[in-house]
**Student:** 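My questions all concern the structure below.
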2 protein chains.
Amino acid sequence: MQKFKLPFLTLICSYFFISNFSNHGFSQDITPDKVKTIFGIIPKVAENPSNPVTPEKVNLGRYLFFDPRLSKSGKISCNSCHSLANSGVDGLATSIGHKWQIGPRNAPTVLNAALEFSQFWDGRAKDVEEQAMGPMLNPKEMASTKELVVQRLKSIPQYVDMFKKAFPDETDPVTFENTAKAIAAFERTLLTPSRFDRYMDGDLSALSPEEKEGLKTFIQTGCISCHNGTDIGGGMFQKFGLVNKVSWLQDLGRFEVTKNPADKYVFKVPSLRNITKTAPYFNNGHTWSLEEAVKTMGYVQLGKTLSDEEVKKIVSFLGSLSAEPPLQVTLPNLPPSTPQTPRPMP
Amino acid sequence: MQKFKLPFLTLICSYFFISNFSNHGFSQDITPDKVKTIFGIIPKVAENPSNPVTPEKVNLGRYLFFDPRLSKSGKISCNSCHSLANSGVDGLATSIGHKWQIGPRNAPTVLNAALEFSQFWDGRAKDVEEQAMGPMLNPKEMASTKELVVQRLKSIPQYVDMFKKAFPDETDPVTFENTAKAIAAFERTLLTPSRFDRYMDGDLSALSPEEKEGLKTFIQTGCISCHNGTDIGGGMFQKFGLVNKVSWLQDLGRFEVTKNPADKYVFKVPSLRNITKTAPYFNNGHTWSLEEAVKTMGYVQLGKTLSDEEVKKIVSFLGSLSAEPPLQVTLPNLPPSTPQTPRPMP
């Protein structure tokens with residue numbers, strides 16, 4: 001599938017690009033078209049042929065995304081940790097779940113997540129369809145079961161109608177898998193174009209001179225080795241602490257999934273879109289300052305000690321990756337429960 | 001103030017109305033105009049001369065309503081318990097607050113709350129301005145302090161600008177009181193017209209025949225003795241168990257505020273707008289079925305044993321009190337924290 005090949009292609013391209021800039025200087029060569037080959041303009045929708053994004057499914061997914069009845073307690077919805085009022089995150093170091101259990105990892109933003117080659121910090125789900133099932137069933141998060149989710153939804157006539165419309169060819173459309181598919185279809189529309197996309201589309205005025213300097217520094221420093229592709233990250237796995245050890249890192253990352261020693265401390269490279277709005281940073285929210293996060297990355301991943309000036313420029317560029325226009329989400333009006341609906345179990 | 005006088009006037013009117021219907025039958029006499037004298041058509045905004053509802057204040061209030069940084073943990077916003085995706089409630093028996101503490105009372109809907117003569121189940125706040133301060137400071141709810149709220153907000157430049165615009169005449173506009181005022185101004189716009197308002201405005205077709213029968217039963221049974229005024233409730237205090245004792249009731253209600261023995265088991269009469277969507281019912285969410293709630297009320301408040309047929313009609317009428325058109329709320333895009341913002345304390 002294209003989404004798997006793209007990161008490798010862009011990685012190869014980016015190495016050529018870095019070496020090109022190193023040899024000949026950036027200012028002569030940089031053009032939106034060349035930059036576009038490293039990253040790519042964000043699409044309107046992140047399509048998935050095996051889960052077509054239809055208006056009916058997106059609408060149902062929007063309802064489900066905000067519905068806390070998908071959790072055992074009736075208190076936690078997808079939006080609780082991936083708040084669409086808050087750039088798709090909860091703003092906490094690590095998330096709070098069922099009965100206030102504190103989870104081990106920082107909630108990644110749901111914005112643009114559908115563009116990524118896998119889901120979760122450790123890439124254990126291949127796409128947002130698979131991802132959306134995880135938190136519902138995780139005893140530390142929404143603590144529900146497939147049966148409870150289906151029983152709750154089937155007890156609510158308006159949901160039954162909405163599932164029929166979203167999955168018109170199915171005789172029993174209210175299933176746990178379709179619940180995840182609808183949520184995923186909604187997420188596939190949560191893409192946030194930014195000024196950087198306008199720049200790549202040829203509008204040179206979309207970035208300020210400082211942001212252009214930052215882009216240059218971002219490329220020349222080598223950040224694009226990993227943070228490339230349409231989501232400016234989210235296209236590959238990488239060891240955290242590739243060159244220098246991360247002193248505070250305890251999470252074994254992808255090793256927990258594969259048990260392959262080579263995967264120790266390996267994580268999915270996170271997207272940098274909306275990064276100025278999704279603090280704190282890293283797998284456990286260790287760092288609140290974006291400047292500090294950039295400096296850390298330069299040192300542990302690339303073995304470079306970035307100057308304050310370089311950090312400032314890169315952070316300035318990163319500011320151009322925030323949603324513009326801002327994301328506009330209208331809340332659903334959730335259908336009421338019925339006497340048959342299993343009660344919240346807080 | 002008009003809002004305090006109105007309930008008493010409508011109460012007097014309603015007694016005349018009941019006796020009139022009892023003597024002469026309802027079908028001859030009922031007209032939207034007469035019904036309007038008991039209730040009243042919902043306004044567009046619930047004005048408060050001492051906190052004018054300006055677009056700038058409403059916009060700021062919308063941001064604050066959804067911002068979990070008003071809570072100590074950084075996890076709980078006004079919207080957590082008064083979910084605007086869920087008719088202004090959390091759908092739980094009693095609410096879940098800081099560190100998953102379970103509160104003693106059911107969260108009343110924030111929709112139309114600004115129309116009421118006092119706030120909270122026990123009426124301990126005189127208006128939504130006063131109410132909005134309560135949960136932020138309640139250690140079982142948002143568990144914050146005035147100082148923490150102000151420190152967080154002052155650390156975020158976009159909020160400082162928004163407060164300046166919302167309170168243009170003040171030299172130090174970012175205060176705890178103004179935070180509550182802005183939230184309250186937003187709440188003063190959360191009014192939900194329904195088909196019943198269209199009916200009172202003269203559109204006889206806005207209610208179905210069964211709903212009209214239900215309205216008649218609602219009036220003749222005496223429900224309007226308490227559930228009257230624009231919010232169909234929310235205009236007076238009343239003892240819960242006025243005629244017959246409520247077997248499961250332990251909450252002393254307004255007595256906890258006044259320490260007056262006459263206030264034992266006295267609560268503010270809740271609004272019935274959107275009631276079909278705000279289960280569970282009563283001060284502690286004891287009852288999930290609206291039919292059961294209506295039957296209970298008939299018995300404990302009026303000493304009447306309502307037939308299933310009467311209950312069905314009343315519930316049918318209550319369905320006409322739900323928001324139509326549905327409430328449309330667009331999520332804000334919360335401004336990011338800064339290095340100066342006090343961290344979440346989960």
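By convention in this document, chain letters (A, B, ...) are assigned in the order of the sequence lines, proteins followed by strands, and residues within each chain are numbered from 1.
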**Student:** Between B/Pro339 and chain A, with a heavy-atom cut-off of 4.5 Å, which part of the residue counts as in contact: side chain, backbone, both or neither?
**Tutor:**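 Interface part for B/Pro339: neither.
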**Student:** Side chains of A/Asn333 and B/Gln328: does their closest heavy-atom pair fall under 4.5 Å?
**Tutor:**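 A/Asn333 vs B/Gln328: side chains touch.
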**Student:** What option among A/Cys81, A/Pro280, A/Ala279, A/Pro344 has the most heavy-atom pairs under 4.5 Å with chain B?
**Tutor:**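 Winner by heavy-atom pair count: A/Pro344.
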**Student:** Taking only residues at least two apart or on different chains, which pairs with a member in residues 89-106 of chain B satisfy side chain to side chain donor-acceptor pair (under 3.5 Å)?
**Tutor:**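 Qualifying pairs, neighbours excluded: B/Asp90-B/Ser95, B/Arg105-B/Asp122, B/Arg105-B/Asp251.
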**Student:** Counting only heavy atoms closer than 4.5 Å, note whether B/Ala85 contacts chain A via side chain, backbone, both or neither.
**Tutor:**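 Both backbone and side chain.
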**Student:** Return the option, out of B/Asn79, B/Thr276, B/Asn86, B/Leu327, with the maximum number of heavy-atom pairs under 4.5 Å with chain A.
**Tutor:**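 Heavy-atom pair counts peak at B/Leu327.
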**Student:** So for B/Thr278, is it side chain, backbone, both, or neither that comes closer than 4.5 Å to the heavy atoms of chain A?
**Tutor:**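 For B/Thr278, no heavy atom lies under 4.5 Å from chain A.
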**Student:** Taking side chain as everything from C-beta outward and backbone as N, CA, C, O, which of these in A/Thr341 sits under 4.5 Å from a heavy atom of chain B? Side chain, backbone, both or neither.
**Tutor:**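 Contact with chain B involves no heavy atom of A/Thr341 at all.
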**Student:** Any residues in residues 67-78 of chain B near chain A, with a heavy-atom distance under 4.5 Å, and which are they?
**Tutor:**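 Within residues 67-78 of chain B, the residues under 4.5 Å from chain A are B/Ser73, B/Gly74, B/Lys75, B/Ile76.
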**Student:** Looking at A/Leu290, A/Leu92, A/Thr338, which one has more heavy-atom pairs under 4.5 Å with chain B than the rest?
**Tutor:**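 Maximum pair count with chain B is reached by A/Leu92.
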**Student:** Can you find a pair of side-chain heavy atoms, one from A/Leu331 and one from B/Leu331, that are under 4.5 Å apart?
**Tutor:**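 Yes, at least one pair of side-chain atoms sits under 4.5 Å.
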**Student:** Side chain, backbone, both or neither: which part of A/Ile102 has a heavy atom under 4.5 Å from chain B?
**Tutor:**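 Side chain only.
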**Student:** Among B/Ser80, B/Ser337, B/Pro346, who wins on heavy-atom pairs under 4.5 Å with chain A?
**Tutor:**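 If we count pairs closer than 4.5 Å to chain A, B/Pro346 comes out on top.
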